[in-house]
2 protein chains.
Amino acid sequence: MSTVQDSDMQNQSTATSLDAANIPLTERLFDALQRAIVEGEIPQGSKISEPELARQHGVSRGSLREAMARLEARKLVERKPNLGARVVTLSYEQLIEIFQLREALEGMAARLAAQNMTEIEIEELQKLLDQHGEQIAEQQGQAYFQKQGDLDFHYRIVQGSKNKQLIELLCNDLYHLLRMYRYQFGMRSKRSQQAYEEHQYLINAISARDPEMAELLMRQHIRSSRRNVEAVFLEKL
Amino acid sequence: MSTVQDSDMQNQSTATSLDAANIPLTERLFDALQRAIVEGEIPQGSKISEPELARQHGVSRGSLREAMARLEARKLVERKPNLGARVVTLSYEQLIEIFQLREALEGMAARLAAQNMTEIEIEELQKLLDQHGEQIAEQQGQAYFQKQGDLDFHYRIVQGSKNKQLIELLCNDLYHLLRMYRYQFGMRSKRSQQAYEEHQYLINAISARDPEMAELLMRQHIRSSRRNVEAVFLEKL
DNA sequence: ATTCGCTAAAGTGTCGACACTTTGAGAAAT
DNA sequence: ATTTCTCAAAGTGTCGACACTTTAGCGAAT
């Protein structure tokens, strides 16, 4: 019985879609916020009010705070004691620094991938690249798909390194920042054809089980990608 | 008046020394826990009970939880929903993976240091190394100081790269894990003399502003350090 | 009109409480 | 004696409340 409404239950997802399975609220919140920040839904540099954001997502401040602590550790927000949190502000200098990190880390990833990827994984990587080739031939201009494809490619090589630390670091930490730059600066490539060729050389080196060459090619690939970004930025200013 | 004890104030630091200035409780707690975990005071693999740990440190569970979220992001504890948190368990495999990361990252750091360190910083680095040389000549066996010195040396080169991302990543994340291995496995060096010489070559390359050579030497240095660790482990088993 | 100080609103830091989940010890059944 | 079921104890997930800090708007003094 008791037709009275039990009104104070806690599953009314006020604004954002946060209803989900059994996984902790904090974690869903963390994912939602990360996405919102990366995609610019919450603009870079903007101040975050805990009470307001908590209300928008229909959670308590405690849960939100825990998610914020993790976002801070991923360098997506900055917090100062008693002053509150802000979304990070992207800068050209930081982007260059990230490219230097990637050159080191993904270079090592390629080296290890040449040693540790299975033949099957290499085949699938080749198939993926073939698809990219077709897409480029068909319609050149779909910058979004190209960028997405580029990320997929790099992602798989990192996985292929079989180094858990490296995988975590790149895929769970750094790539989110990188995606944030792509979303917010709309970095277009202009060099999908060249990138495609560089990817093919890289697969060849991995397939030949030549770690030294794989690392060299990956580093060159990332350096030339960086030079492209530099050029785009310079013409913007 | 009022000789009654006001017993429920919140500055009784029950067990650990946590009294400090104005910086947030959560942060001091985070530092204290990180130190305790790195130094093995809380043993690796042990389960952490939030209520108990909070009581020991005289803080509420909320504050502790926030600190735990940050510790998890630094890979010092692992948490599973509804099951609680455990201190990470160190493994030989993971240590090798960390050395691979270091080879890539510190190699890049050395390359950038050769470009970006000031002459004064290079001079001070040389002085530091000279001190190490004296210490080795005087009393060989102070493994602790040697290891500490080794860490100092690497630390300064990373700083010299002037790449903030790289500095954060190595000094704030990875080195804590590395220190944890040193504390808990008591990795002794046996090769302080050789390390000293390798460090000197590295300074020479940086001083000559030769990025390529600096990276090469750093990578060799870390590889040979890794081989030493491998040897120590193999004789343990 | 401008500057300075004061007060109220908003925001952050921290806590204790309650509901639901997991764990583990003891009772009941085989 | 062994296995299974049950239920209480412990632990985690989440919330709302309160104290202290910062911010911002308003009025007083120059």
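In what follows, chains carry the letters A, B, and so on, assigned in the order in which the sequence lines appear, proteins first and then strands, with residues in each chain numbered from 1.
Across the protein-nucleic acid pair, B:Leu25 atom CG and D:dC20 atom C1' stand 14 Å apart, rounded to whole Å. Rounded to a whole Å, the CD atom of B:Glu66 is 10 Å from the C1' atom of C:dT14. D:dG11 atom P lies 13 Å from atom CE of B:Met68, rounded to whole Å. Look at CZ on B:Arg55: it is 16 Å from C1' on C:dG16, rounded to the nearest Å. The distance from atom NE2 of B:His57 to atom P of C:dT14 is 15 Å, rounded to the nearest whole Å. Nucleotide C:dA10 holds its P atom 13 Å from the NZ atom of A:Lys47, rounded to whole Å. The distance from atom CZ of B:Arg86 to atom P of D:dG11 is 13 Å, rounded to the nearest whole Å. Computed from coordinates, the B:Glu50 CD to D:dG11 C1' distance equals 8 Å when rounded to whole Å.
Residue B:Ser60 places its side chain closer to C:dC15 than to any other of C:dA17, C:dC15, D:dG11.
Within the 4.0 angstrom heavy-atom criterion, base atoms lie near B:Pro51. Residue A:Ile48 is in sugar-phosphate contact alone, with no base atom involved, counting any heavy-atom pair closer than 4.0 Å across all strands shown.
Across the interface with DNA chain D, nearest-nucleotide mapping of A:Thr26 and A:Leu83 shows A:Thr26 to be the residue nearer the 5′ end. Two residues, A:Pro81 and A:Gly62, neighbour DNA chain D, and the one matched to the more 5' nucleotide by heavy-atom proximity is A:Gly62.
A search for side chain to side chain contact (heavy atoms under 4.5 Å, CB included) contacts involving B:Phe233 returns B:Tyr92, B:Leu95, B:Phe185, B:Val229, not counting sequence neighbours.
Enclosure of atom CD1 in B:Ile120 is not indicated, since only 12 or fewer non-hydrogen atoms of other residues, nucleotides or ligands lie within 6.0 angstrom.
For the residue pair B:Asp150 / B:His199, a side-chain donor-acceptor distance below 3.5 Å is found, with atom types taken as modelled.
In this structure, A:Arg70 is positioned above the aromatic face of A:Phe30, its NZ or CZ under 6.0 Å from the six-membered ring centre and within 45° of the axis.
When side chains are defined from C-beta on, A:Ile42 counts as touching A:Leu33, because their heavy atoms get closer than 4.5 Å.
For the pair A:Ser49 and C:dA10, the criterion of a side-chain N or O lying under 4.0 Å from OP1 or OP2 is not met.
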